[in-house]
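First comes the structure, then the notes that go with it.
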Amino acid sequence: MNGRRALGLALLVGGLLLLYFGMNESQSFASDMSEMMTGSPTDRSIWMLVTGGAAAVLGGFLALTPGGSR
């Protein structure tokens, strides 16, 4: 396994974990109260979901595309 694929897998797993924790955070009591007052969930849950999604997409791209190693 080359370094690019290993990095991709690490980003993919980390991104999926952030998505999981972001979803749990968005369903928390604090997020529900924030959503009731402001109309949107807490900033923490939004950042977890955004960065988790970006990391998962980038990781999947790096892990699944052929590397340019010679």
- Note on the structure: For Ser34, the side chain to side chain contact (heavy atoms under 4.5 Å, CB included) test, sequence neighbours excluded, returns Thr38, Thr42
- Spacing of CG belonging to Asn24 relative to CE belonging to Met48, to within rounding of 0.5 Å: 9.5 Å
- Query: Is it true that Leu58 and Leu7 fall in one hydrophobic cluster, defined by side-chain heavy atoms closer than 4.5 Å?
  - Reply: yes
- Residues in side chain to side chain contact (heavy atoms under 4.5 Å, CB included) with Leu64, at least two apart? none
- Message: Quick check: closest heavy atoms across Ala55 and Gly15, and the distance to 0.1 Å?
- Response: CB-CA, 3.8 Å
- Item | Exam field: side chain Ser31 to backbone Gln27, donor-acceptor pair closer than 3.5 Å | no
- Members other than Val57 in its cluster, when Ile, Leu, Val, Met, Phe, Trp, Tyr link by side-chain heavy atoms under 4.5 Å? none
- Applying side chain to side chain contact (heavy atoms under 4.5 Å, CB included) to Phe61 and not counting sequence neighbours gives Arg4, Thr65
- Query: What's in the same ILVMFWY side-chain cluster as Met23, cut-off under 4.5 Å, chained through other members?
  - Reply: Leu12, Leu16, Leu19, Leu49
- Query: For the atom pair CZ (Phe21) and CZ (Arg44), what is the distance rounded to the nearest 0.5 Å?
  - Reply: 10.5 Å
